[in-house]
Peer 1: 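I am attaching a structure below and will ask some questions about it afterwards.
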Number of protein chains: 2
Amino acid sequence: MNQIETLRRPTLHEELVERLRNMVVEDALKPGEKVPEKDLCEAFGVSRTPLREALKVLASEGLVILQTNRGARVAEVTQEELENTFAVIAMLEQLVGELACQNLDDAGIAHIQKRHDAMIKAFGVRDLQAYFKANQDIHNALIEGAGNDILESHHRMLAARVRRARFMVNLSDERWQQAIEEHEKMMVLLRARDGQSLGRLMKIHMLNKYDALVKALAAAEDDLAN
Amino acid sequence: MNQIETLRRPTLHEELVERLRNMVVEDALKPGEKVPEKDLCEAFGVSRTPLREALKVLASEGLVILQTNRGARVAEVTQEELENTFAVIAMLEQLVGELACQNLDDAGIAHIQKRHDAMIKAFGVRDLQAYFKANQDIHNALIEGAGNDILESHHRMLAARVRRARFMVNLSDERWQQAIEEHEKMMVLLRARDGQSLGRLMKIHMLNKYDALVKALAAAEDDLAN
DNA sequence: AGATGTAATTATGAATTCATAATTCAGTCA
DNA sequence: TGACTGAATTATGAATTCATAATTACATCT
């Protein structure tokens, strides 16, 4: 009899990794904040052992910082780190574009086209929620379509580090417009299966996203100063 | 008073991560091999708690696989994974090349030139040990010179996954010759601070390395079959 | 009042213990 | 002989306990 699918209940520490990661990414735990084991244990109703295991994993992903005998704190995202992270993600995006063109079948491209159309529609009525969702779906489909697990896991790791930034600023309509245009071009290149060009565009798309983020952050700081 | 450098004794689990990682990378623990906690605890003279924490970290790096209630085994490197990993590393190398040209100062380049000369010398007398060492030094200096911590950490993580492959096959003189030529070109571009070209070349250099590896692996399999 | 040294408290690192899932192995039956 | 059953063993997941480092609170002194 052949293996169906090894059914596995996730372990406590795995669930904790998931939930803690979400809390960090979704800014429920603020950067720089101390996260005493005791509090987290009470919050999740677990003992310290699985929780500490989870913290070790998050530390290796760079989401929290562990200091010996001084516990864990949520990693801060400095300006420099943001730049460094985006630079790497942009390179990975380029590869995603190249591989997605190679490996996606027609059905896969059709599916992305559908999500793209949904995204355009959301943009038309300025439905930010629906836009983010469709956008996320598209990027996920492209990454999965690339068919490279290593690429996928490292991309996800890096994306988690900067996703918080989304909560820090809001999208300018100008940038939003630009992003849409880039996505339109991406679809053209994807349908043409021009991997080299799509890769280059996706890299630029990501760097533009970073650019907009930096400007928005600077503007937000100015607001605070006034 | 400003922080000098938080002096910190490493914790047991950190040391274990280091040592276990080395054991995996240096092939002391063979791929697919089960690594019972009990044995490792005895080997290192520690209790299960820090050891399990270390295993969780290695699992998140992809070096070991944890199966619920069934313990840890050293991750296998499939042909596909090798390809996937090299594809990602190659992209990162490209970025390394671009950034190194931007950020290395003259002293940094001079240092790399020295290590390069040492490498050439080692090649002249076919001193594999010295060659590997100098080669490693050069790549490390370039990565550090890039000045992007995120890039560095992810590159290291990926490099660990494939370093084992070095133990599986030996370098053909033909490939060795080719690698040297590529390195000569790299030095020219680095001195000229032509980041774009250096990036492209470093990417290709890495893909060629993969190519040679695949061929060597295929040849090794043929040997076994005969 | 502010600084300094010391005791009390708290939090963390690691060992141990406990519960349970997985594996092994002996015994039974076809 | 060989496949199945179920008890015994072993290994793992998680809680608890213990030792020690770090922090806080407090008293003392200048």
Side-chain angles (χ1 to χ4, degrees), chain A residues 1-21 23-24 29-75, chain B residues 1-21 23-24 29-75:
Chain A
M1 178 167 165
N2 57 355
Q3 187 95 350
I4 309 280
E5 184 185 353
T6 53
L7 61 89
R8 43 186 298 283
R9 238 181 343 343
T11 60
L12 265 186
H13 106 267
E14 284 173 306
E15 301 219 51
L16 287 172
V17 167
E18 279 285 318
R19 297 192 53 182
L20 282 171
R21 184 171 22 224
M23 287 177 74
V24 173
L29 293 172
K30 304 290 183 200
E33 200 173 320
K34 273 181 301 184
V35 275
E37 296 175 4
K38 190 168 149 294
D39 298 1
L40 289 176
C41 286
E42 283 169 13
F44 290 113
V46 300
S47 80
R48 283 176 56 218
T49 307
L51 185 109
R52 296 180 93 255
E53 291 173 344
L55 284 177
K56 300 284 182 296
V57 172
L58 293 184
S60 91
E61 291 179 8
L63 292 180
V64 305
I65 306 287
L66 297 181
Q67 286 174 300
T68 306
N69 286 326
R70 240 173 279 190
R73 54 181 60 237
V74 179
Chain B
M1 177 171 162
N2 56 357
Q3 187 94 351
I4 310 280
E5 183 184 354
T6 53
L7 61 90
R8 45 188 296 284
R9 241 177 345 333
T11 60
L12 264 188
H13 106 267
E14 284 172 306
E15 300 220 50
L16 287 173
V17 167
E18 279 287 318
R19 299 193 50 182
L20 282 171
R21 187 177 13 229
M23 288 177 74
V24 173
L29 292 171
K30 304 289 182 198
E33 201 172 318
K34 273 180 302 185
V35 274
E37 296 175 5
K38 189 169 147 295
D39 298 0
L40 289 176
C41 287
E42 284 169 14
F44 289 113
V46 300
S47 79
R48 284 176 56 217
T49 308
L51 185 107
R52 296 179 94 255
E53 291 173 344
L55 285 177
K56 300 286 182 294
V57 172
L58 293 184
S60 92
E61 291 179 8
L63 292 181
V64 304
I65 306 287
L66 297 181
Q67 286 175 300
T68 307
N69 286 325
R70 241 174 279 189
R73 52 182 61 237
V74 180

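Letters go in sequence order (proteins before strands), and every chain restarts at 1.
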Peer 1: By side-chain contact (heavy atoms from CB on, under 4.5 Å), which residues pair with Leu12(A), not counting sequence neighbours?
Peer 2: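 For Leu12(A), the residues satisfying side-chain contact (heavy atoms from CB on, under 4.5 Å) (neighbours in sequence not counted) are Val46(A), Pro50(A).
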Peer 1: Of all heavy-atom pairs between Leu55(B) and Leu66(B), which one has the smallest distance, and what is that distance?
Peer 2: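 What the structure gives for the nearest pair is O-CD1, 4.1 Å.
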Peer 1: Measure the distance from CD on Glu53(B) to C1' on dA14(D) and round it to the nearest whole Å.
Peer 2: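 Taking atom C1' of dA14(D) as the reference, CD of Glu53(B) is at 13 Å.
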Peer 1: When the distance from CG of Leu40(A) to P of dT10(C) is rounded to whole Å, what number comes out?
Peer 2: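 The answer, rounded to whole Å, is 18 Å.
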Peer 1: Please report, rounded to the nearest Å, how far the C1' atom of dT12(D) is from the CG atom of Asp39(B).
Peer 2: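 From Asp39(B) CG to dT12(D) C1': 14 Å.
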Peer 1: Can you tell me the distance, in whole Å, between the CD atom of Gln67(B) and the P atom of dA21(C)?
Peer 2: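 Interatomic distance, CD of Gln67(B) to P of dA21(C): 17 Å.
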Peer 1: Nearest-Å distance, NE2 (His13(A)) to P (dT12(D))?
Peer 2: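 After rounding, the gap between these two atoms is 14 Å.
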Peer 1: Taking only nitrogen or oxygen atoms into account, show me every contact under 3.5 Å that the protein makes with nucleotides 16-20 of chain D, one pair per line with its distance.
Peer 2:
{"unit_1": "dT16(D)", "atom_1": "O4", "unit_2": "Thr49(A)", "atom_2": "OG1", "d": "3.3"}

Peer 1: Side chain to side chain donor-acceptor pair (under 3.5 Å): which pairs involve residues 40-51 of chain A, sequence neighbours left out?
Peer 2: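 Sorted pair list: Glu37(A)-Arg48(A).
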Peer 1: Both Lys34(A) and Leu12(A) contact DNA chain D. Taking the nearest nucleotide for each, which residue is further toward the 5' end?
Peer 2: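 Upstream on the strand: Leu12(A).
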Peer 1: Got a sec, which residues hit side-chain contact (heavy atoms from CB on, under 4.5 Å) with Ala75(A), two or more places apart in sequence or on another chain?
Peer 2: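 Testing Ala75(A) for side-chain contact (heavy atoms from CB on, under 4.5 Å), a comparison that skips the adjacent residues, returns Ile65(A).
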Peer 1: Please give, in whole Å, the distance from dA11(D) C1' to Lys38(B) NZ?
Peer 2: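 After rounding, the reported distance stands at 10 Å.
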Peer 1: How close or far is atom C1' of dA22(D) from atom CD of Glu37(A), stated in whole angstroms?
Peer 2: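 That distance rounds to 13 Å.
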Peer 1: Using the side-chain hydrogen bond (donor to acceptor under 3.5 Å, both in side chains) criterion, which residues pair with Arg21(B)? Sequence neighbours excluded.
Peer 2: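 Counting only residues at least two positions away or on another chain, Arg21(B) forms a side-chain hydrogen bond (donor to acceptor under 3.5 Å, both in side chains) with Glu61(B).
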Peer 1: Not counting sequence neighbours, which residues clear salt bridge (charged side-chain N to carboxylate O under 4.0 Å, His left out) with Lys34(B)? List them please.
Peer 2: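 Testing Lys34(B) for salt bridge (charged side-chain N to carboxylate O under 4.0 Å, His left out), a comparison that skips the adjacent residues, returns none.
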Peer 1: What is the distance, rounded to the nearest whole Å, between atom CD of Glu42(A) and atom P of dT10(C)?
Peer 2: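 To the nearest whole Å, that distance equals 13 Å.
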